[in-house]
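Notes follow the structure.
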Amino acid sequence: MNCLWCNEEIMNEINWSTLVFPTKQKNICKRCEENLAIITGSRCNHCSRQSEIRICNDCLWWKNYNNGKDTIVFNYSIYSYNNDMKEIVAKWKYRGDYELGYLFTHSFGQHFRQKFKSKKDVIAVPIPLSEERMQERGFNQASMLASFLPIQTKELLSRVHNEKQSKKSRNERISSQNPFILKGSINNSVILVDDIYTTGTTIRHAADVLVKSGCPEVFTYTLIRS
Amino acid sequence: MEYDSQLRSPDLRKYIGKLLLQKEIPQGVLSSNHFTQIPSINRKTFHYQCHRCGNNKRSLFGKIPCGLCQKEHLYCRSCIQMGRVMECEPLFYWSGEQLSWPSYDAPLTWEGSLTDAQQKASNNLVQAIQEKEREHLIWAVCGAGKTEMLFKGIEYGLKVGKRICIATPRADVVRELKPRIQDAFQEVPIEALYGGSDDRVGESQVILATTHQLLRFYQTFDLMIIDEVDAFPYHHDPTLPFAVNRAKKSTCTTIYLTATPRQNLLLKMAFKQLPHTFVPVRYHGHPLPVPELKMSYSLHKDLKQKKFPKHITNWITNRPKPNRQLLLFVPTILLAEQVVKNLQDITNGRLGVIDSVHADDPDRIEKVDLFRIRKIQVLVTTTILERGVTFPSVDVVVLDAGHSVFDEAALVQIAGRAGRNKKDPTGEVLFIHDGKTNAMVRAIQSIKQMNKRGGFSL
C-alpha cells in the first residue's frame, strides 16, 4: 500500500501488540497524517471553531440573524484548514483526484461514532453540486464523505447553479440567495454532510429548506472548519 | 485556401504540436478535423498506462465513478496537475497542416566572446545539429558557461527554421535562463513555461520549459536541449523522459547538458554510444574550488538541542575573505529555519542580514534576488539552490553533508556555486559532517579529477 498523498510506501511497525491484534492498514503514511491538524482543545460548541469562548461571535450573529433560533443545532468538524489541508482539498476537489477522499474514510467514520452516537433515526444528506459543477468535476465530494458514515444516506436536495462560494467575499456569501431545492419529503432528523464550513452560509441555506418542510432537527457534520 | 488562412489565425496556432484533453479544446475548434484522437489510458489485465504521461504504476491510477457515463473507470493520478485524464475521454493531437517555422538571417544579438574550451564545445554542438546526430552530451564543469555554448547551436537552428525547446527539470533554472536567452536573441519570440509562469500558450518557435510542461506537447521539436539532465526529478520520475521523448519529432537532435552525469549517461559514454564533449575548465580559467571536510563529532546532538556548533561559527567569522557572502546548505526545511535563528542569536548581527529559503517559501524568488544584490549576507538554503544559479562572490558551507539528500552530484554542484566570477574566481567550500560518506569522498575525487583534466596540477 502506498500513501495516497505522498505515494511513499507505508511500512507498518511490527511489534507484539500488532502481531497479536493486527491493526487495519491505513492509506495515509504517518508523516502526512501528522501534517493534518485535528481540532483539539476548546472549541465553539456551536460551529467547531477553535476558540476559548463557548459560543463564538459569528454564531451569536447567526442566532440573531435568524430571530433568536439558529437553523442548525450545531456543526461538528474534524480538521482545521491548514496549508497541507488546503493542498489536499485543492487536488481532491478542483483537480478532481477522487481517490484522495479515501484519506478521510477512517477519521470521518470514527469521529461520527464519537459525536453522533446518541442520535437515533437520523439520515445523512450530502450538500449537492449543481448540474454544471457535476459535469465539470464528475463527482460530489460531500456524497463521497457521506458514504463513509454508518447511517442511511439520501440525496434529498438539488442545487441551482451559481458562482463558486470560494470565489466570493464573506458578505457576498451571506447575502446570496438560497440555491437549494428539496426533492422529497422528510420526517427524520438530518445530518447535513459537507467538506468545508467557512462562513456557514451554504449549510444554513440547506438547513433552511429542510426545516421549512418539517424536518425536526438539522445537525451538520463537516470535514474541515476553516 | 480557407484552410490555409485558418492556420494563420493565431487562434489555431496554439494547438499545433500539442497533445490535449477534450476540455482544453473549444467545441468549435475540435470539430474542424484538425485533430486525431488516441485513447487516453491503455488497459490490459495487469497493466495500465496513461498515454499522456506514460505512468504505469498501479498506485498512481485511481478509480472514479464517472458522473457522466454512470460507470466506474480509471483516471491517472500522476499527471492530474495538468488536468484529469479519464479513461472515457480520448486525447487529441494536432494532425492538421503543420506550420513551417520562420528562418532568421541573423538571430543572434549576443556580442560576447567564447573561450577556447567553450568554442570547441560550441563547434561540436553546431556540427551535431548539422549532421542530425540523435544525441550529444556536453559535460561541462560548474561555471564553464554552458548557456553561452548553446548560442551558436540555437542560432544555427533558427537559421534553418527549426523549432527549439530548452527543457530543464527545475523551474528556477527556467526563470534564470529566460532573460539570458531572450537577451541573446532579441528578435525571436521566446516563451518560458513553468508552473505559475505568465506565458501559458506555448505557440512560439523557441520554448523554454520545465520538463513537466512538455506533457502537453506532441512531436513538434526539431532540437531538444535538456539542461541539468541529472537533476531531480528528471532522473527520478520516468514520466518526464517519456514526455520529453514524445515532444520530439522523429528526426530531432537531443543535446544533454550537465556538470555531473549519472551512471546511465556515463555507461553510454563508456560504451561509445553517446557522442560527447567534455569541458573541464571554467570560463575564467581558474580551477574548481576543492571542498574541505570538517568533522564535527557532536553535530547531530547539537542540532537536536537547537545549538549551533561553536567551531563552525568561529570558522564563519574568521574566513579568509569575510566580505564574501555565505551560502549555507542544510538538508531539511525545518533545519533551515532553525539555523537562521541560531546564527542570529550567536552572531548578534555581526554577519549582517541572515535569511532562509526553501521550496515552500512564498518569497523564495525575492529572497534569491536580494541575496544577489547583497541585501542579504547569509542565505541558509535547502538543495533548491544547488544548481543553475550564479552568485558573484560566495563561500559555501554544507551543514550535515552526510545526509542522504546530498549525493555525489548534489555536492559537486554545491561546490560549484563558489568562485563563479572573474573578479573573485575562488571561494571556500566546507563540508561539515559527523562521519564521511561515500558521496563526499567521491565528490571531492571527481572535482580533483576534473581539475586535473583541465590541466591544473593538484
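On a predicted model such as this, the values are computed, not experimentally measured, just so you know. Letters go in sequence order (proteins before strands), and every chain restarts at 1.
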Sub-4.5 Å heavy-atom contacts with chain B: which residues of residues 97-108 of chain A show up? A/Asp97, A/Tyr98, A/Glu99, A/Leu100
Which residues pass the ring pair (Phe, Tyr, Trp, His ring centres under 6.0 Å) test with A/Phe180, not counting sequence neighbours? none
Residue B/Leu334 excluded, over 12 heavy atoms near CG under 6.0 Å: no
Using a cut-off of 6.0 Å, state whether more than 12 heavy atoms not belonging to B/Lys306 lie near its atom NZ. no
Non-neighbouring partners of B/Tyr234 that pass ring pair (Phe, Tyr, Trp, His ring centres under 6.0 Å), sequence neighbours left out: none
Going by heavy atoms in the side chains, are A/Arg95 and B/Arg84 under 4.5 Å from each other? no
Does atom NZ of A/Lys119 have more than 12 heavy-atom neighbours from other groups under 6.0 Å away? yes
Rounded to the nearest 0.5 Å, what's the gap from CZ on B/Arg77 to NZ on A/Lys91? Could you check? 6.0 Å
Distance check, rounded to the nearest 0.5 Å: A/Arg137 atom CZ versus B/Ile64 atom CD1? 11.0 Å
Around atom CD of A/Glu131, are there more than 12 heavy atoms from other residues, nucleotides or ligands closer than 6.0 Å? no
Determine whether more than 12 heavy atoms belonging to other residues, nucleotides or ligands lie under 6.0 Å from atom CD of A/Gln114. yes
Select, from B/Gly83, B/Cys66, B/Ser59, the one with the greatest count of heavy-atom pairs under 4.5 Å involving chain A. B/Ser59
Once ring pair (Phe, Tyr, Trp, His ring centres under 6.0 Å) is applied, do any residues pair with B/His236, and if so which ones, sequence neighbours excluded? B/Phe232
